[in-house]
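To keep things clear, I will list the structure first and then write my remarks on it.
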Amino acid sequence: MDSTVVISIPHAESHVVEAGTVVAPTKKENTRMNLLIKTIASLISNTASYVREKTRSINKQKMRRVIHSVKVGLALVLVSLLYLLDPLYEQVGDNAMWAIMTVVVIFEFFAGATLGKGLNRGLGTILGGGLGCLAASLAQQVHGTGNSIIVGTSVFVFGAGATYARLVPKIKKRYDYGAMIFILTFNLVVVSGLRAEKVLQLARERLCTIGMGFAVCVFISLLIFPTWASDELHDSIASNFNHLALSLEGCLEEYFKLSCHKENQSSSAKSFTSNCKLVLNSKAKDEQLTNFAKWEPWHGKFGLYYPWRKYLQLGDHLRELASSIISLTSCLQSPKQPSPTLRQLIKEPCEAVGYSLGWSLKELGESLKKMRKCQPADVILPKLKAMRIELSSVISDSPNNSKLAGKLENVEGLAVATLVFSLMEIIEKVEDLAKEVEDLGQLAFH
């Protein structure tokens with residue numbers, strides 16, 4: 001006689017399994033299995049893409065560092081010839097040290113930084129040397145204590161005035177180094193105590209050697225594998241769109257998973273906010289790169305008067321969006337989590353909104369990176385407006401949502417309401433970003 005074995009399965013319907021037979025999984029189990037497979041496949045795909053992108057970025061950074069080091073070494077060799085070659089040394093003498101010092105001080109990683117620092121050094125040297133010669137000549141006309149009074153007064157007036165100028169934000173941002181060189185050069189010349197004609201000769205020789213060092217730096221920096229700050233700023237801002245899109249999609253995907261373990265939620269929230277924190281901490285870098293980009297000459301698709309200030313505005317909007325996404329992740333860590341049933345009622349519209357927001361951010365970032373005209377008013381803005389209406393209908397008191405409206409009356413529903421309103425706030429910020437990208441395209445291609 002065949003025996004029958006009864007196996008009790010927790011949290012599921014009872015099944016009778018005959019010996020030697022296999023019971024097919026139920027429809028509910030198939031749904032869970034498919035969801036798990038899709039989640040794992042999506043996680044593997046995103047991880048592989050991130051690793052590939054990170055590897056390319058690391059290799060690129062290493063190569064750029066090697067190239068920059070070689071360029072600095074080449075520049076030092078060229079200016080050292082002023083010492084090594086007798087014909088050149090006879091012309092400049094010991095003042096060749098100023099050319100070497102100029103290369104060490106002004107040769108920066110980015111071409112714009114090198115050019116801006118070199119122009120600041122040249123301008124500060126010319127103004128400081130010229131005014132120092134005038135003050136020294138005037139002091140030589142007065143004998144006795146009058147000489148010391150004129151020198152001391154000029155040092156105080158010009159030193160205090162230049163120092164105050166360095167504290168003005170607009171001057172400090174672009175001309176701080178030039179003001180510092182002005183103070184140094186002026187004091188060296190006026191306090192030297194030499195006669196006026198020797199002061200002029202000394203200033204002329206040092207200016208020539210500084211000009212030689214500056215010329216070598218600019219030639220190598222701009223013509224041999226140049227590293228443009230404008231390209232770095234452009235790519236950095238464009239990549240931030242993609243980072244925020246992935247964070248937003250991942251956050252919503254994790255929120256609607258069936259498993260609600262707090263440990264998993266906490267670790268997932270940290271992984272989603274890592275990219276957002278990078279965006280939040282990018283303000284100083286963006287401002288520095290924008291300052292360098294303004295010094296750079298016409299190259300590639302960037303003109304002399306490219307609207308770099310718009311990149312700073314885009315960065316501000318991206319940081320606001322990053323802060324909103326971080327606030328959204330608080331839904332994952334909230335101790336008051338809604339029940340699976342309540343989550344399923346809002347899962348479809350919220351996930352649709354999340355994917356649409358992700359697509360919009362990626363499209364904006366791609367159009368910015370490839371420098372093609374984007375028309376948010378025709379495609380993206382209407383889609384965002386429709387998403388806002390759809391979210392508003394989720395928590396409205398319409399007859400179609402009477403079941404959900406009843407569940408939102410308890411404390412558990414506050415978590416759902418927080419999620420919905422956070423998404424609506426994110427939609428508004430993405431709309432502002434779309435308008436900023438459109439304005440940048442109009443100004444750049446004007």
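The first residue in the sequence is number 1, and the count goes up from there.
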Name all residues meeting the salt bridge (charged side-chain N to carboxylate O under 4.0 Å, His left out) criterion together with [X]; count only those two or more places apart in sequence or in a different chain, and write none if there are none.
X: K277; result: none
X: D316; result: K283, R319
X: E351; result: none
X: E363; result: R372

Answer whether the closest heavy-atom distance between the side chains of [X] and [Y] falls below 4.5 Å.
X: D439; Y: Q442; value: yes
X: Q61; Y: R64; value: yes
X: R309; Y: K294; value: yes
X: V79; Y: T102; value: no
X: Y175; Y: V168; value: no

Cationic N near anionic O, under 4.0 Å, K435 to E431: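 No, K435 and E431 are not salt-bridged.
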Salt bridge present between K370 and E366 (N-O < 4.0 angstrom):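 Yes, K370 and E366 are salt-bridged.
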Residues in side-chain contact (heavy atoms from CB on, under 4.5 Å) contact with N147, at least two apart in sequence or another chain: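 For N147 the side-chain contact (heavy atoms from CB on, under 4.5 Å) partners, ignoring immediate neighbours, are A139, Q140, V151.
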Residues which pass side-chain contact (heavy atoms from CB on, under 4.5 Å) with L119, listed by chain and number, not counting sequence neighbours: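 Listed in chain order: L115, F214, W295.
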Okay, side chain of [X], backbone of [Y]: is any donor-acceptor separation there less than 3.5 Å?
X: S282; Y: V279; result: yes
X: S239; Y: D235; result: yes
X: N120; Y: G116; result: yes

More than 12 heavy atoms of other groups within 6.0 Å of R174 CZ: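 Yes, CZ of R174 has more than 12 neighbouring heavy atoms, counting only those of other groups under 6.0 Å.
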NZ (K369) with more than 12 external heavy atoms under 6.0 Å: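 12 or below, so no.
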Partner set under ring-ring contact (aromatic ring centres under 6.0 Å, His included) for F107, not counting sequence neighbours: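 Once residues adjacent in sequence are excluded, the partners of F107 under the ring-ring contact (aromatic ring centres under 6.0 Å, His included) criterion are H68.
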Set of ring-ring contact (aromatic ring centres under 6.0 Å, His included) partners for W308, sequence neighbours left out: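 Applying ring-ring contact (aromatic ring centres under 6.0 Å, His included) to W308 gives F302, Y306, Y311.
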Tell me which donor-acceptor pairs under 3.5 Å the side chains of residues 178-190 have, and how far apart each pair is, sequence neighbours excluded?
residue : atom : partner : partner atom : Å
T185    : OG1  : I181    : O            : 2.9
N187    : ND2  : I183    : O            : 2.6

Side chain to side chain donor-acceptor pair (under 3.5 Å) between Q313 and K310, worked out: CA-CA 5 Å; Q313 296 178 7; K310 273 293 179 181; 3.2 Å; yes
Pairs touching residues 149-167 that satisfy side chain to side chain donor-acceptor pair (under 3.5 Å), sequence neighbours left out: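 Of all non-adjacent pairs touching residues 149-167, those that pass side chain to side chain donor-acceptor pair (under 3.5 Å) are R166-D176.
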Interatomic distance, L357 atom CG to L244 atom CG [nearest 0.5 angstrom]: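 Those atoms lie 11.5 Å apart.
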Sequence neighbours excluded, every pair satisfying salt bridge (Lys or Arg N to Asp or Glu O under 4.0 Å) that has a member inside residues 133-143: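 The answer is none; no pair qualifies.
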Sequence neighbours excluded - salt bridge (Lys or Arg N to Asp or Glu O under 4.0 Å) pairs with any residue from residues 112-126: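 Found E108-K117.
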